[in-house]
Amino acid sequence: MRSGLEELLELQGHQCLHQETIEKPLSEWPVPQFIELFLPEFPIRPIRGQQQLKILGLVAKGSFGTVLKVLDCAQKAVFAVKVVSKVKVLQKDTLRQCKEEVSIQRQINHPFVHSLGDTWQGRRHLFIMCSYCSTDLYSLWSAVGCFPEASVRLFAAELVLVLCYLHDLAIIHRDVKMENILLDERGHLKLTDFGLSRHLPRGARAYTICGTLQYMAPEVLSGGPYNHAADWWSLGVLLFSLATGKFPVAAERDHVAMLASVTHCDSEIPTSLKKELSLLLQEVRLLCQNPLHRLRYLHHFQVHPFFRGVAFDPELLQKQPVSFVMETQDTQPSPLESIAFKDFDCDLEPFFVHSILP
Ligand SMILES: Nc1ncnc2c1ncn2[C@@H]1O[C@H](COP(=O)(O)OP(=O)(O)OP(=O)(O)O)[C@@H](O)[C@H]1O
């Protein structure tokens with residue numbers, strides 16, 4: 001019997017953009033392997049349903065796929081759609097991870113987590129659609145450098161709530177970083193990209209070396225065992241960078257070199273930082289080599305001097321203005337000409353040679 005990957009490669013080779021192929025219904029019986037493999041997380045959808053989407057531009061190319069800004073003509077609303085090649089998923093052996101990403105995101109409902117809208121599959125691609133956010137924390141940080149302390153505090157409190165929520169659901173994120181934190185129209189954060197997340201019950205351990213080098217905890221870099229405390233290290237790196245304008249440890253070429261740097265280099269906290277914030281970051285708090293000594297429960301943060309006066313309540317936090325974020329937000333619709341989709345499942349590369357959105 002042919003594998004789903006063989007079926008897909010054949011489809012790619014012979015039937016590229018033939019109209020006939022595109023219009024053939026996907027719901028034929030028996031369902032081909034290259035479709036069945038991705039069910040039920042990625043249901044099949046009539047082509048007509050996809051035609052109401054128009055591409056407004058390319059947002060980013062990540063390691064797993066291409067993120068597009070699209071206009072849903074029926075809803076008259078703008079969304080982001082992540083388009084992932086099925087061949088790449090099977091070649092990289094990430095099918096389980098890909099399905100887990102969707103099932104985890106479906107389980108989550110939190111004001112500071114980017115919620116999943118719709119998912120579906122075409123013959124060659126998987127599609128993950130969600131609301132569009134015009135900026136992310138990394139772009140903002142690159143533009144402004146250090147953040148004001150009040151903003152670091154607010155973002156920290158929002159992220160503490162998100163991580164406690166995820167860990168209570170036995171989910172470890174494993175890729176907390178600025179690029180994966182989108183900002184909504186009012187400047188509050190939305191954690192996204194659950195591509196490396198997994199269910200990890202309390203007390204269980206993980207061993208896979210994954211994440212983004214500069215944010216990876218020493219126990220992750222060394223191949224485990226590690227647990228949810230690894231996410232708190234990543235938060236420490238993120239807050240350090242927001243507050244000081246630089247990473248605590250410079251990036252290295254691979255995880256072995258990164259581990260050596262993280263273990264031997266004491267990241268100096270600039271004296272310009274207020275004492276309470278230094279206390280939160282330094283050795284015995286978030287950026288602490290021993291995961292057992294890291295802050296990791298909500299009550300640890302509630303009583304920490306840096307958070308004095310902060311209500312750890314999503315609704316109250318959302319009411320706080322984040323004016324400096326608002327000033328940099330792109331509120332205007334993209335001036336790029338939209339590209340109407342005859343078929344959303346085609347090869348997207350040629351459309352986007354020069355069109356990454358600013
Ligand atoms: N809903 C959205 N609105 C706007 N931008 C988004 C949205 N979702 C993702 N992006 C942008 O696209 C980038 C890549 O998305 P995502 O992280 O989901 O893909 P990935 O392939 O897993 O990427 P990576 O390899 O960087 O982890 C994000 O860093 C973010 O800048």
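In listed order, ligands and their atoms are each counted from 1.
At least one heavy atom of His114 sits closer than 4.0 Å to an atom of ligand 1. Contact annotation: Cys130 has at least one heavy atom less than 4.0 Å from an atom of ligand 1. Not a single heavy atom of Thr192 sits less than 4.0 Å from an atom of ligand 1. A heavy-atom separation below 4.0 Å is found between Ser131 and ligand 1.
Annotation for Leu286 and Trp232: closest pair CD2-O, 3.6 Å, computed over non-hydrogen atoms.
Residue Ile172 holds its CD1 atom at 5.5 Å from OH of Tyr226, rounded to the nearest 0.5 Å. To the nearest 0.5 angstrom, Leu196 atom CG is 5.0 Å from Asp175 atom CG. In this structure, CG in Leu242 is found 8.5 Å from CG in Leu140, a value given to the nearest 0.5 Å.
The N/O atoms of Tyr132, backbone and side chain alike, include none that comes under 3.5 Å of an N/O atom in ligand 1.
Scanning the protein heavy atoms around atom 28 (C) of ligand 1, the nearest turns out to be Glu179 O, 3.7 Å. Ranking protein heavy atoms by distance to atom 18 (O) of ligand 1, first place goes to Lys82 NZ, 3.0 Å. The nearest heavy-atom contact from the protein to atom 4 (C) of ligand 1 is Cys133 O, 2.9 Å. The nearest protein atom to atom 5 (N) of ligand 1, hydrogens excluded, is given as Val59 CG1, 3.5 Å; this is a heavy-atom distance. For atom 17 (O) of ligand 1, the closest non-hydrogen atom on the protein side is Asp193 OD2, 2.8 Å. Ranking protein heavy atoms by distance to atom 10 (N) of ligand 1, first place goes to Val67 CG1, 3.9 Å. Atom 31 (O) of ligand 1 has Asp136 OD2, 3.2 Å as its closest protein atom, hydrogens excluded (heavy atom only). At the shortest separation from atom 26 (O) of ligand 1 among protein heavy atoms lies Lys177 NZ, 4.0 Å.
For an aromatic pair to be called close, the ring centres must be under 6.0 Å apart, and Phe306 with Phe301 fails this.
In this pair, His125 and Phe127 present their aromatic rings tilted. The plane angle is within the 30 to 60° band.
Set against the non-hydrogen atoms of Asn180, the atoms of ligand 1 under 4.0 Å away are 17 (O). Atoms of ligand 1 found under 4.0 Å from any heavy atom of Ala60, numbered from 1 in the order shown, are 12 (O), 13 (C). Counting atoms of ligand 1 from 1 in the listed order, those under 4.0 Å from a heavy atom of Gly65 are 21 (O).
Among Lys99, Arg106, Lys82, the one residue that satisfies the side chain to side chain donor-acceptor pair (under 3.5 Å) test with Thr119 is Arg106.
Taking a cutoff of 4.0 Å between a charged side-chain nitrogen and a carboxylate oxygen, Glu149 and Arg153 qualify as a salt bridge.
One hydrophobic cluster, built from ILVMFWY side chains closer than 4.5 Å, cannot hold both Tyr165 and Leu316; they sit in different ones.
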Worked check of ring-ring contact (aromatic ring centres under 6.0 Å, His included) between His300 and Tyr297: CA-CA 5 Å; His300 290 157; Tyr297 296 114; 5.4 Å; yes
